[in-house]
Amino acid sequence: MSSPATHAADELQTSRPTIVDLRSDTVTKPTPEMRIAMAEAEVGDDVYGEDPTINRLEQRAAEIFGREAAIFVPTGTMGNQIAIKLHTKPGQEIICEERGHIFNWEMAMLAWFSGCTVRPIYSEDGILTWEMVRKQISARIYYRQQTGLVELENTHNMAGGTVYPQKIADDICDRAHEAGLPVHLDGARIFNAAVALGKPVAEITRKFDSVMFCLSKGLGAPVGSLLVGNKTFIEQARSVRKALGGGMRQAGILAAAGLIALEKMPARLHEDHANAKFLAKGLAGLPGIDIDPARVQTNIVIFDVSGTGMSASEFTHKLAEKNLLAGTADTQRVRFVTHMDVNREACERALEAVKQVVND
Ligand code: TLP
């Protein structure tokens, strides 16, 4: 029998308006299966390499990506920053797309922790080509700061979840290697890219020197990312992770949810992509909103609201009043991200909320 306190909580729950949260795919809650696995997880001290569940997750990640080794890290940011630290020397430049996550959202850690600067390249759809990269590699002259790393993001978050055509990514990797440069992939949403391309993650990432991917985004785990690469690189990554305070001890509790995310959740990502397309098509017909639904490839929908006379943040405040949570990509553009906790019906309600805001 439930206690009066549970009753009160239930009532509060039912009287609360249902909120549709499209701010990010990071907002998902662990599934019941994940919670059970977490409760039952076998654990040990991972700093001593003794957490069997983390060891299993790292092994599976390495297998799935066709690599020698993998390391579990608390966040995508830490995974990227470990890779940057290992690939570069202080005083070097990193070539990446101008809206890249490592450049804009990682607290300038590439400068702070690794002593590097960024040589950004703007590309409307976020996709770089070798021609663009080549022009930005510094000449090998002793009095010029040197390029240390090329970094790509797939899918590209702030360009709207865009996907690297395989040939373009392969070409950048091959040519960068010929030029003596390593290439790191921020593959926070690489499983979304794999679904969009209809190819396994191992195939689309095989030419990169290192790959970071997140369990805590579309795959629905509460916490965690992995960095994959060769054995020596991952051994060195363990020391850098420890230096950053990422030695997490009995974190097998998290890895247990991560294993379910890794094994089972990629199979449902196509639903998020279909919902994103559905949202994009619905938005395209609304006054003051500018979006080309044909450009929505995965689970991120970015649209320009300047035609409504509102800034992106004013627009998202209005949406919040209608119980729809959204993010901004810049001052003019709003970002919706679909995920496993928003179904088609929730997307229909989201469109209804947007309609009301533009019609008000
Ligand atoms: N992205 C978050 C925000 O930080 C913008 C989001 O809501 O999309 N790489 C990419 C491409 C990302 O999108 C993110 C998170 C990360 C790295 C960092 O992952 P975490 O949040 O685990 O540090």
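Count residues from 1 along the sequence. In listed order, ligands and their atoms are each counted from 1.
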Original post:
Can His339 and Val27 be said to form a side-chain contact (heavy atoms from CB on, under 4.5 Å), step by step?
Top reply: CA-CA 8 Å; His339 52 78; Val27 303; 3.5 Å; yes
Before giving the answer on salt bridge (Lys or Arg N to Asp or Glu O under 4.0 Å), spell out for Asp272 and Lys217 the whole-Å C-alpha distance, their side-chain angles and the decisive distance to 0.1 Å.
CA-CA 12 Å; Asp272 300 342; Lys217 299 201 164 53; over 6 Å; no
At a 4.0 angstrom heavy-atom cut-off, ligand 1 is contacted by Ser24, Thr75, Gly76, Thr77, Asn80, His101, Trp105, Glu106, Glu153, Asn157, Asp186, Ala188, Arg189, Met212, Lys217, Arg335
*asked:* Under 4.5 Å between side-chain heavy atoms, counting indirect links through other Ile/Leu/Val/Met/Phe/Trp/Tyr residues: same cluster for Ile64 and Ile71 or not?
replied: no
Note: Val150 and Ile172 closest approach over all heavy atoms is CG1-CG2, 4.1 Å
Would Phe233 and His87 count as a ring pair (Phe, Tyr, Trp, His ring centres under 6.0 Å) here? Give the steps. CA-CA 9 Å; Phe233 180 85; His87 286 306; 4.9 Å; yes
- Item | Asp51 side chain to Gly252 backbone, donor-acceptor under 3.5 Å | yes
